[in-house]
Amino acid sequence: MLQSSSGSTGEAMHSTISPYTPPGSPTDPGEPEPLALVPASKWLRFYNGLTDGLLSLGLTIVVYVLLRLAVGISFGATGIEYIAAVPMPYVGLAVYAGYYTLLESLTGQTVGKWMTGTIVVNGRGTKASFLQVLGRTLARLIPFEFVTFLGEDGRGLHDRLAKTYVVRGR
């Protein structure tokens, strides 16, 4: 029997617990059990960055050419003049941010991470939230941030700021 008191009168109230009541759980049933995190090595992180950087550069060139083609077809020579005034680095930043944000928020991986079997997770070892991924992406734009993963723990500044980890895949 479970004994509890009613708040206002101070009287003891007796009740029984049904044997059919499921036991309580210390974790949220909607969230997977946390995993032991095995950090990706610095070499895997380097390979991820190199692969994703080259792929992002290639995508930037393709997007820039297609953008000029679409504007040229739609608006003629005047449109091409206007689009030519947009510096290619602006297009590159948009592609870069879109590449990381889209892929990591949907799958937890970029192409580089997929190739090395690594994944982005939060501190519990589950999928990082969209805001964490967006934070990671924006932090990557900090000058020389790309070398911060070479520190002792192998986590980049973008990982620490967003409270995420790059770990060996599940």
Side-chain angles (χ1 to χ4, degrees), residues 30-32 34-170:
E31 184 137 345
L35 302 173
L37 301 176
V38 179
S41 72
K42 293 176 187 178
W43 285 109
L44 287 178
R45 302 286 311 263
F46 176 76
Y47 183 76
N48 291 346
L50 184 64
T51 302
D52 292 329
L54 290 173
L55 187 57
S56 179
L57 178 62
L59 284 172
T60 298
I61 293 167
V62 169
V63 166
Y64 193 70
V65 168
L66 291 176
L67 187 61
R68 287 183 68 139
L69 182 65
V71 168
I73 290 171
S74 300
F75 301 104
T78 306
I80 291 175
E81 287 177 28
Y82 281 118
I83 202 68
V86 176
M88 192 167 179
Y90 289 170
V91 176
L93 282 174
V95 169
Y96 184 79
Y99 172 81
Y100 277 101
T101 304
L102 183 67
L103 289 178
E104 287 183 348
S105 66
L106 293 176
T107 67
Q109 295 178 306
T110 58
V111 173
K113 289 177 186 68
W114 174 75
M115 292 174 72
T116 61
T118 57
I119 189 166
V120 176
V121 296
N122 61 21
R124 288 188 42 87
T126 58
K127 185 178 177 185
S129 71
F130 175 79
L131 290 178
Q132 285 178 304
V133 169
L134 183 61
R136 282 172 56 86
T137 301
L138 294 176
R140 282 186 173 100
L141 301 177
I142 296 170
F144 301 104
E145 189 282 332
F146 64 94
V147 297
T148 61
F149 80 94
L150 295 173
E152 188 174 318
D153 66 355
R155 287 179 72 203
L157 181 61
H158 62 280
D159 293 314
R160 289 191 294 274
L161 291 174
K163 296 184 177 122
T164 57
Y165 298 83
V166 177
V167 298
R168 299 299 302 252
R170 301 174 191 202

Within the 4.5 Å heavy-atom criterion, are [X] and [Y] side-chain neighbours or not?
X	Y	value
Asp159	Arg136	yes
Val111	Tyr99	yes
Ile142	His158	no

Closest approach of [X] to [Y] (non-hydrogen atoms, all atoms of both residues):
X	Y	value
Thr148	Gly156	OG1-CA, 3.4 Å
Pro39	Arg168	O-CG, 4.2 Å
Val166	Asn48	CG1-ND2, 4.3 Å
Ala40	Thr118	CB-CG2, 3.7 Å
Val86	Tyr64	O-OH, 3.4 Å
Ile119	Thr107	CD1-O, 4.1 Å

So, taking the atom named [atom1] in [X] and the one named [atom2] in [Y], what distance separates them when rounded to the nearest 0.5 Å?
X	Y	atom1	atom2	value
Leu103	Gln109	CG	CD	9.5 Å
Arg155	Thr164	CZ	OG1	6.5 Å
Leu50	Trp43	CG	CH2	11.0 Å
Phe46	Thr116	CZ	OG1	13.0 Å
Lys113	Arg45	NZ	CZ	7.0 Å
Leu67	Ile80	CG	CD1	11.0 Å

| request: Would you kindly check if the NZ (Lys) or CZ (Arg) of Arg140 is within the cone defined by 45 degrees around the ring axis of Tyr96 and under 6.0 Å from the six-membered ring centre? | output: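 Here Arg140 fails the 6.0 Å and 45° test against Tyr96.
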| Looking only at atom types and distance, does a side-chain atom of Glu104 sit under 3.5 Å from a main-chain N or O of Thr110, one as donor and one as acceptor? |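 No, the answer is negative, given that no donor and acceptor are paired below the 3.5 Å cut-off.
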| query | Any donor-acceptor pair under 3.5 Å linking the side chain of Ser105 with the backbone of Leu102? | reply |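 Yes: the side chain of Ser105 pairs with the backbone of Leu102.
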| Counting only heavy atoms not in Lys42, do more than 12 fall under 6.0 Å of its NZ? |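 Check passes, neighbour count above 12.
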| With a cut-off of 6.0 Å (strictly less than), are more than 12 heavy atoms of other residues, nucleotides or ligands near OH of Tyr47? |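 For Tyr47, atom OH is not crowded (no more than 12 foreign heavy atoms under 6.0 Å).
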| query | Looking only at side chains, do Ser56 and Asp52 share a donor and an acceptor under 3.5 Å apart? | reply |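 Checked: Ser56/Asp52 side chains show no N/O donor-acceptor pair below 3.5 Å.
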| Just by distance, with hydrogens left out, do Thr78 and Glu81 show a side-chain donor and acceptor under 3.5 Å apart? |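 No.
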